[in-house]
Amino acid sequence: MTAKIIDGKEFAARVRGQVGEHVTRLKNDHGITPGLAVVLVGEDPASQVYVRSKGKITVEVGMKSVERRMDADTSEADLLAVIEELNNDSEIHGILCQLPLPKHLNEDLIINSISPAKDVDGFHISNVGLLGTGQKSMVPCTPLGCLMMLRDHHGSLSGMDAVVIGRSNIVGKPMAQLLLNDSCTVTIAHSRTKDLPDVVRRADIVVAAVGRPEMVPGDWIKEGATVIDVGINRLDAPEKGEGKTKLVGDVHFESCAARAGAITPVPGGVGPMTIACLLANTVTACCRANGLREPEGLTA
Ligand code: NAD
């Protein structure tokens with residue numbers, strides 16, 4: 001079998017289009033502009049790139065973008081004060097604190113200080129609890145993007161066997177919860193799982209979120225399964241020239257694509273969907289804050 005390539009770039013453009021249409025309606029019909037605030041503490045180069053591109057895309061879909069940059073040695077009290085200010089700002093509907101934070105700051109404390117209604121990353125303990133009990137919540141962006149792609153490809157996921165490799169709070173656990181809420185039979189595999197190849201071979205849906213380059217080979221994949229590769233790993237690529245690098249996922253793309261029914265590439269799969277879902281969550285948060293109908297298809 002040669003897999004269908006699930007084009008995350010194209011899908012994300014579609015989601016951004018839907019978000020943009022909804023933003024226009026909110027502005028024209030209700031005089032409301034959704035606003036997203038991103039807080040960045042310190043000078044981590046990767047975080048700076050993410051924050052810049054989030055701000056750019058936010059403005060492109062017509063939303064208000066606010067960036068709050070703070071020094072690496074910012075105190076917990078000063079950071080909490082900024083979050084409190086944003087919590088109370090009626091023009092801000094989504095707040096995201098870029099992770100990782102410098103070591104002296106308590107990440108859990110900071111995340112749980114964001115108003116749950118504005119927690120567009122979906123990491124607040126209240127949102128984790130709401131998702132876990134199948135209630136309306138803010139859903140973490142990366143797993144939400146994976147779910148959208150799976151629903152788009154399969155329609156109903158009910159009764160399918162899903163294996164999520166990785167149990168992080170950001171990807172693995174919420175992904176498993178979303179699949180369970182969609183009536184999959186879910187296995188969460190991790191670094192201590194026995195016979196991982198056999199566990200993965202049972203799956204109709206495989207979501208790999210490990211952070212190990214090309215760890216899943218094609219012979220772990222059941223014929224016709226759908227493979228969602230969350231991993232982003234940078235490897236040296238001397239074949240492209242001296243000092244050049246390339247991005248690969250957690251699955252070995254060629255061998256998995258030869259057996260899967262559908263597969264996401266890296267780059268161009270899950271990655272672009274993550275930012276699109278951040279925008280979707282901001283519009284959802286804005287609608288909920290104003291008691292308005294939420295956009296269809298942009299939430300779990
Ligand atoms: P993490 O390090 O927090 O978690 C990795 C998980 O993999 C752990 O639960 C661990 O138990 C499991 N694991 C480690 N070694 C394993 C092994 N040999 N066999 C089975 N399981 C094993 O990572 P994370 O934050 O969940 O991210 C995972 C990957 O996804 C990374 O490559 C990250 O860069 C990527 N990521 C991508 C996006 C995106 O937008 N596409 C977003 C978040 C994370």
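Just follow the structure's listing: the first ligand is 1, and inside any ligand the first atom is 1. The first residue in the sequence is number 1, and the count goes up from there.
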Can you tell whether the side chains of Glu239 and Lys244 come within less than 4.0 Å, N to carboxylate O?
no
May I ask you to identify the nearest protein heavy atom to atom 9 (O) of ligand 1, giving residue, atom name and distance to one decimal place in Å?
Arg167 N, 2.8 Å
For Asp250, is at least one N or O under 3.5 Å away from an N or O on ligand 1?
no
Atoms in ligand 1 flagged as close to Thr274, the criterion being non-hydrogen separation under 4.0 Å
39 (C), 40 (O)
Close side-chain approach of Thr24 to Asn28, heavy-atom, < 4.5 Å
yes
Between Ile165 and ligand 1, find which residue part has any heavy-atom pair under 4.0 Å and reply side chain, backbone, both or neither.
side chain
Mark up the atoms of ligand 1 that fall under 4.0 Å of a heavy atom belonging to Val270, in ascending order.
41 (N)
Is it true that atom NZ of Lys27 has more than 12 heavy atoms of other residues, nucleotides or ligands lying nearer than 6.0 Å?
yes
Has Ala189 got any heavy atom lying under 4.0 angstrom from an atom of ligand 1?
no
side-chain contact (heavy atoms from CB on, under 4.5 Å) between Asn127 and Val139, intermediate numbers included:
CA-CA 7 Å; Asn127 282 316; Val139 179; over 6 Å; no
Assess whether a salt bridge exists between Glu91 and Lys64, defined as any Lys/Arg side-chain N lying under 4.0 Å from an Asp/Glu carboxylate O.
yes
Ala209 to ligand 1, any heavy atom closer than 4.0 Å
yes
For His190, the ligand 1 atoms whose distance to one of its heavy atoms is below 4.0 Å
11 (O), 19 (N), 20 (C), 21 (N), 22 (C)
Going by heavy atoms in the side chains, are Asp229 and Val270 under 4.5 Å from each other?
no
Ligand-side contact atoms (ligand 1) for residue partner Val171, heavy atom cut-off under 4.0 Å
26 (O), 43 (C), 44 (C)
Should the pair Glu85-Arg68 be classified as a salt bridge under the 4.0 Å nitrogen-to-oxygen rule?
yes
Just to be sure I'm reading this right: ignoring hydrogens, which of Ile228, Val210, Asn169 gets closest to atom 2 (O) of ligand 1? Compare them by their nearest heavy atoms.
Val210
Check each atom of ligand 1 against the heavy atoms of Gly166 and keep those under 4.0 Å away; list them by number with element.
6 (C), 7 (O), 9 (O), 12 (C)
Counting neighbours of CG on Asp236 that are heavy atoms of other residues, nucleotides or ligands and sit closer than 6.0 Å, is the number greater than 12?
no
Might you point out which heavy atoms bring Cys277 and Cys141 nearest each other, and give the distance in Å?
CB-O, 3.6 Å
What part of Met215 sits under 4.0 Å from ligand 1 if we count only heavy atoms: the side chain, the backbone, both or neither?
side chain
Going by atom type alone, with no hydrogens or angles, which donor-acceptor pairs under 3.5 Å involve a side-chain atom of residues 29-44 and a protein atom two or more places apart or on another chain?
{"unit_1": "Asp44", "atom_1": "OD2", "unit_2": "Ser47", "atom_2": "N", "d": "3.0"}
{"unit_1": "Asp44", "atom_1": "OD2", "unit_2": "Ser47", "atom_2": "OG", "d": "2.8"}

Any heavy atom of Arg192 sitting closer than 4.0 Å to ligand 1?
no
Side chain, backbone, both or neither: which part of Thr142 comes within less than 4.0 Å of ligand 1 when only heavy atoms are counted?
side chain
Do any side-chain atoms of residues 282-300 form donor-acceptor pairs under 3.5 angstrom with protein atoms, and if so which ones, sequence neighbours left out?
{"unit_1": "Thr282", "atom_1": "OG1", "unit_2": "Leu278", "atom_2": "O", "d": "2.9"}
{"unit_1": "Thr284", "atom_1": "OG1", "unit_2": "Ala280", "atom_2": "O", "d": "3.0"}
{"unit_1": "Arg288", "atom_1": "NE", "unit_2": "Glu294", "atom_2": "OE2", "d": "2.8"}
{"unit_1": "Arg288", "atom_1": "NH1", "unit_2": "Ser137", "atom_2": "O", "d": "3.1"}
{"unit_1": "Arg288", "atom_1": "NH2", "unit_2": "Glu294", "atom_2": "OE1", "d": "3.4"}
{"unit_1": "Asn290", "atom_1": "ND2", "unit_2": "Cys286", "atom_2": "O", "d": "2.8"}
{"unit_1": "Glu294", "atom_1": "OE2", "unit_2": "Lys136", "atom_2": "NZ", "d": "3.1"}

Options Cys277, Pro272, Ser168, ranked by nearest heavy atom to atom 4 (O) of ligand 1, top entry:
Ser168
Charged N-O contact under 4.0 Å between Arg151 and Asp182
yes
Which of the atoms in ligand 1, numbered in the order shown and given with their element, are less than 4.0 Å from a heavy-atom of Gly211?
28 (C), 29 (C), 31 (C), 32 (O)
Please state whether Ile232 comes within less than 4.0 angstrom of ligand 1, counting heavy atoms only.
yes
How close does the nearest protein non-hydrogen atom get to atom 15 (N) of ligand 1, and which residue and atom is it?
Arg212 NE, 3.1 Å
Check each of Ile275, Asn233, Val230, Ile170 against atom 37 (C) of ligand 1 and report the one with the nearest heavy atom.
Val230
